[in-house]
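See structure below.
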Amino acid sequence: MSAFIVVEGKEDEEFLNSYIRFLGLFDSVYSLRGINGKDNLAGFRNELSPKRLKREGCSKVLIIFDADSNCIETVNIIEQNLASISPDGIFLFPDNESEGMLEDLLEKIVRPEYENIFECFEQYKECLSAKNSTYRHPDLKGKVFAYMDALEKNREQWFKQEYWDFDSSHLEPLKGFLEKHLG
């Protein structure tokens, strides 16, 4: 059984690639593809045609996107954009029930020995506020990118297991979803 996994972006693709390999499930992946945002899902529909995928030996379509501010609304948007294509599973970061995004999950699975990087980031935000209250603070995405960049300049290596706790309980919902559909 092989699955076509559609994700929003490059970071989602790289993270899931590493995590699925960690779980030993990568042989069940036909394709793992970032489509550059939810808004591009409708244009990607042809690639997910059941006839086409079956012909190519792919048996499942999985969607893994950010929940953003409303899980139900995000699922509705996904279903509307897919029209007549029914995915075999939809998972929404961070945990398939809370609002948020991949970066919310990543912040929770940082290895303890690297948590000090986030402490430095908080000091940076405090410094910005002290210098000028109109300065904008980088968002969570910026914080996580700063973490990854502090550890690894090679972006292709950002999601190495040594930087993330892939055994974290915060990954249980995702692990369960992947094992159900890929195992």
Side-chain angles (χ1 to χ4, degrees), residues 1-38 40-67 71 74-75 77-79 81-98 100-111 114 144-145 147-148 151-183:
M1 217 181 299
S2 65
F4 195 121
I5 303 173
V6 181
V7 297
E8 285 189 69
K10 188 73 174 153
E11 291 77 30
D12 308 64
E13 185 180 339
E14 291 169 358
F15 168 72
L16 281 166
N17 185 6
S18 293
Y19 188 58
I20 290 169
R21 287 180 191 283
F22 169 79
L23 294 174
L25 299 170
F26 202 79
D27 289 344
S28 300
V29 176
Y30 166 78
S31 180
L32 175 56
R33 183 106 38 99
I35 60 168
N36 207 20
K38 270 186 206 81
N40 294 322
L41 188 56
F44 197 71
R45 226 180 357 229
N46 290 341
E47 300 225 17
L48 301 175
S49 151
K51 261 186 189 174
R52 178 182 181 195
L53 292 176
K54 188 174 182 179
R55 187 176 58 241
E56 294 180 16
C58 178
S59 58
K60 290 185 174 190
V61 172
L62 305 176
I63 308 292
I64 303 177
F65 280 5
D66 293 337
C71 292
T74 298
V75 169
I77 289 169
I78 291 168
E79 290 172 347
N81 281 315
L82 288 175
S84 62
I85 297 170
S86 296
D88 296 284
I90 297 174
F91 184 90
L92 301 178
F93 286 127
D95 59 13
N96 214 28
E97 61 183 37
S98 304
M101 57 188 171
L102 171 64
E103 289 77 12
D104 290 295
L105 176 61
L106 293 175
E107 184 178 38
K108 292 175 182 170
I109 64 167
V110 167
R111 288 212 172 268
Y114 299 124
V144 171
F145 275 83
Y147 169 80
M148 293 185 288
L151 292 169
E152 181 68 57
K153 293 296 180 195
N154 180 357
R155 183 187 167 135
E156 317 279 295
Q157 300 295 315
W158 276 3
F159 292 104
K160 291 193 311 193
Q161 185 181 346
E162 67 191 72
Y163 303 141
W164 308 99
D165 180 4
F166 283 165
D167 289 314
S168 170
S169 62
H170 295 288
L171 285 166
E172 286 301 316
L174 177 60
K175 179 182 178 183
F177 175 83
L178 293 170
E179 287 177 339
K180 174 184 175 184
H181 292 287
L182 301 178

Can you tell if the side chain of [X] reaches within under 4.5 Å of the side chain of [Y], non-hydrogen atoms only?
X      : Y      : value
Leu82  : Ile63  : yes
Ile90  : Ile64  : no
Leu182 : Leu62  : yes
Asn17  : Ile20  : no
Phe65  : Val6   : yes
Leu92  : Val75  : yes
Leu171 : Leu105 : yes

Mind listing the closest non-hydrogen atom pair of [X] and [Y] along with its distance?
X      : Y      : answer
Ala67  : Thr74  : O-OG1, 2.6 Å
Glu13  : Val7   : N-CG2, 3.6 Å
Tyr163 : Gln157 : CE1-O, 3.6 Å

What is the distance from atom [atom1] of [X] to atom [atom2] of [Y], rounded to the nearest 0.5 Å?
X      : Y      : atom1 : atom2 : answer
Leu25  : His181 : CG    : NE2   : 12.0 Å
Glu162 : Glu152 : CD    : CD    : 7.5 Å
Lys153 : Trp158 : NZ    : CH2   : 9.0 Å

- Message: Looking at Lys180, I want to see if its NZ is surrounded by more than 12 non-hydrogen atoms of other residues, nucleotides or ligands under 6.0 Å.
- Response: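 Not more than 12 within 6.0 Å, no.
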- Does any pair with a residue in residues 82-96 pass side chain to side chain donor-acceptor pair (under 3.5 Å), and if so which ones, sequence neighbours excluded? Asp95-Ser98
- Who are the side chain to side chain contact (heavy atoms under 4.5 Å, CB included) partners of Glu103, not counting sequence neighbours?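 So Glu103 forms a side chain to side chain contact (heavy atoms under 4.5 Å, CB included) with Met101, Leu140, Lys141, Val144, Phe145.
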- Query: Who passes side chain to side chain contact (heavy atoms under 4.5 Å, CB included) against Glu172, sequence neighbours left out?
  - Reply: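 Partners of Glu172 under the side chain to side chain contact (heavy atoms under 4.5 Å, CB included) test: Lys175.
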- Task: Report the C-alpha separation of Trp164 and Tyr114 in whole Å, then their side-chain angles, then the decisive distance to 0.1 Å, and conclude whether the ring pair (Phe, Tyr, Trp, His ring centres under 6.0 Å) test is met.
- Result: CA-CA 9 Å; Trp164 308 99; Tyr114 299 124; 9.2 Å; no
- Residues which pass side-chain hydrogen bond (donor to acceptor under 3.5 Å, both in side chains) with Lys38, listed by chain and number, not counting sequence neighbours: Glu8, Asp68
- Task: Could I get the full list of side-chain hydrogen bond (donor to acceptor under 3.5 Å, both in side chains) partners for Lys108, not counting sequence neighbours?
- Result: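 Listed in chain order: nothing, the list is empty.
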Tell me if a side-chain donor or acceptor on [X] pairs with a main-chain N or O of [Y] at a distance below 3.5 Å.
X     : Y      : answer
Ser59 : Ser2   : yes
Arg21 : Leu16  : no
Ser18 : Phe159 : yes

Only distances under 3.5 Å count here; give the side-chain donor-acceptor pairs of residues 40-47 to other protein atoms, sequence neighbours excluded, each with its distance to 0.1 Å.
| unit_1 | atom_1 | unit_2 | atom_2 | d |
| --- | --- | --- | --- | --- |
| Asn40 | ND2 | Ile35 | O | 3.0 |
| Asn40 | ND2 | Asn36 | O | 2.7 |
| Arg45 | NH1 | Asn81 | O | 2.8 |
| Glu47 | OE1 | Arg33 | NH1 | 2.8 |

- Measure the acute angle between the ring planes of Phe91 and Phe93, then classify it against the limits of 30° and 60° as parallel, tilted or perpendicular.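 Rings of Phe91 and Phe93: perpendicular, as their planes differ by over 60°.
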